[in-house]
Trainee: 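What follows is a single structure, and I will ask about it in a moment.
Heavy-atom basis, side chains included; hydrogens, waters and symmetry copies ignored. Keep in mind that what you see is a predicted model, and the values were worked out from it rather than measured.
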Amino acid sequence: MILPYTNFSVVFRPDRRLAAATAVTIDGANLIDVPRNDDWRFDPRLPEAQQAGHPVYEDNPLDKGHLVRRLDPVWGAEASTANSDTFHYTNAAPQMDIFNQGKKLWQGLENFLLDHAEDFDRKLTVFTGPVLEDSDPPYRGVRVPLRFWKVAAFMHDGDLAATAYVLDQRPDLTKDAAAQAMAEAARAGDPPPLGAFRTFQVPVADIANLTGLDLGPCQPPTGSPPECGQHGAGPSWSPTTTSPCPPRRRAHEAAAELWTPPLADAQVLTRTRERSRRCPDRYNTT
């Protein structure tokens, strides 16, 4: 089902008690700084039993991970309402609270998208969600997603451009060892053992295949060149450990200027820290 909120929407899976996808447009020309309130609550349009509420996150190392970031829809006349709306449980998914390097890269990417929209008065549409699989480990009545995805789409010289990423928190174990660890945690009633965050840039088509979602024009047409991260017959996922690879236009021209000049991860994080000194509340968030 689709749940509209202020400046964003959530595609919700009541059977999983989690969102399948979210969509938000960032209006860089009209962003507003609004104080964070952390007022997490159920959406009254759904039975509470169909939502993953506070008990899922209580007394364990799981965070309520925003899918639509609090900062992204906070623009225009209803900015305060949009800020509050991001604190519905329908917009959260369990993530490990360890702020390791992989998660820093993920958040650095999110900050970079927001910064670019603001600096150049640009509109971006960002789709985010968990990869919901039947094999996700059970915990307190939900199945905890092990991977998350993000697609950013924007117009460049009249053409649609897009770039896609996956955040992987699966444990760094062999398949059999991971299955055993998950089973032992489930029997003990413990949170699933999750690994360090790993961030990958991936073809948009891979997100569609992972999620079963129709991403329409964000996907490259048949016969277009490989997207960033594809190298002939080699692996199509490239770990994000240096500067982000620039997104391809939907047609077959040069990389969009959104990523020019490219920023190394250290530069992304330095830029975020510089902004955080000017606006501390704004960057104290996920």
Trainee: Hey, what do you get for CG (Asn30) to CG (Asn7), rounding to the nearest 0.5 Å?
Mentor: 10.0 Å
Trainee: Considering all heavy atoms of both residues, which atom of Pro73 and which atom of Ala82 are nearest to each other, and what is their separation?
Mentor: O-CB, 3.3 Å
Trainee: Rounded at 0.5 Å granularity, tell me how far OG1 in Thr86 sits from CG in Asn37.
Mentor: 7.5 Å
Trainee: Is the closest side-chain heavy-atom distance between Leu18 and Arg13 below 4.5 Å?
Mentor: no
Trainee: If the threshold is 4.0 Å, N to carboxylate O, is there a salt bridge linking Glu133 and Arg143?
Mentor: no
Trainee: Calculate, to the nearest 0.5 Å, the distance between atoms CZ and CG belonging to Arg41 and Asp85 respectively.
Mentor: 6.5 Å
Trainee: For residues Leu31 and Val74, determine if any side-chain heavy atom of one lies less than 4.5 Å from a side-chain heavy atom of the other.
Mentor: no
Trainee: Decide yes or no for Thr128 and Val68: does some side-chain heavy atom of the first lie under 4.5 Å from some side-chain heavy atom of the second?
Mentor: no
Trainee: With ILVMFWY side chains joined below 4.5 Å, transitively, what does Tyr89's cluster contain besides itself?
Mentor: Trp40, Phe42, Phe87
Trainee: Under the criterion side-chain hydrogen bond (donor to acceptor under 3.5 Å, both in side chains), I'd like the reasoning laid out for Asn91 against Tyr5: C-alpha separation, chi angles, the key distance, then a yes or no.
Mentor: CA-CA 10 Å; Asn91 185 44; Tyr5 294 97; over 6 Å; no
Trainee: side-chain contact (heavy atoms from CB on, under 4.5 Å) between Thr25 and Leu124: does it pass, once the steps are laid out?
Mentor: CA-CA 6 Å; Thr25 294; Leu124 306 176; over 6 Å; no
Trainee: Could you check if a side-chain atom of Arg147 sits within less than 4.5 angstrom of a side-chain atom of Leu210, using non-hydrogen atoms only?
Mentor: yes
Trainee: Under 4.5 Å between any side-chain heavy atoms of Tyr139 and Leu62, yes or no?
Mentor: yes
Trainee: Set out, in order, the CA-CA distance, both residues' side-chain angles and the distance that settles side-chain contact (heavy atoms from CB on, under 4.5 Å) for Val10 and Leu67, then state yes or no.
Mentor: CA-CA 9 Å; Val10 171; Leu67 296 175; over 6 Å; no
Trainee: Run Asp136 and Val144 through side-chain contact (heavy atoms from CB on, under 4.5 Å) and show every step you take.
Mentor: CA-CA 6 Å; Asp136 288 336; Val144 178; 5.8 Å; no
Trainee: Do Trp149 and Val131 come within less than 4.5 Å of each other through their side chains, counting heavy atoms only?
Mentor: yes
Trainee: Looking at Ile32, Asp27, Val34, which one forms a side chain to side chain contact (heavy atoms under 4.5 Å, CB included) with Trp75?
Mentor: Asp27
Trainee: Would you compute the distance between atom CG of Asn83 and atom CD of Glu78 and round it to the nearest 0.5 angstrom?
Mentor: 13.0 Å
Trainee: Linking I/L/V/M/F/W/Y whenever any side-chain heavy atoms sit under 4.5 Å apart, do Leu213 and Ile207 land together?
Mentor: yes
Trainee: Is there a path of hydrophobic side-chain contacts, each under 4.5 Å between heavy atoms, that joins Leu132 and Phe148?
Mentor: no
Trainee: Look up atom NZ in Lys150 and atom OH in Tyr165, then write down how far apart they are to the nearest 0.5 Å.
Mentor: 11.0 Å
Trainee: Measuring only between side-chain heavy atoms, which start at C-beta, is Gln51 closer than 4.5 Å to Arg17?
Mentor: no
Trainee: Looking at side-chain heavy atoms only, is the closest gap between Ile26 and Val126 below 4.5 Å?
Mentor: yes
Trainee: Taking 4.0 angstrom as the limit, do Arg70 and Asp72 come out as a salt bridge?
Mentor: no
Trainee: Would Lys64 and Gln95 count as a side-chain contact (heavy atoms from CB on, under 4.5 Å) if you check the C-alpha gap in whole Å, the side-chain angles of each, and the deciding distance to 0.1 Å?
Mentor: CA-CA 7 Å; Lys64 304 177 188 76; Gln95 293 183 346; over 6 Å; no
Trainee: Calculate, to the nearest 0.5 Å, the distance between atoms CG and NE2 belonging to Asp43 and His88 respectively.
Mentor: 5.0 Å
Trainee: With the threshold set at 4.0 Å, does a side-chain nitrogen-carboxylate oxygen contact exist between Arg140 and Glu58?
Mentor: no
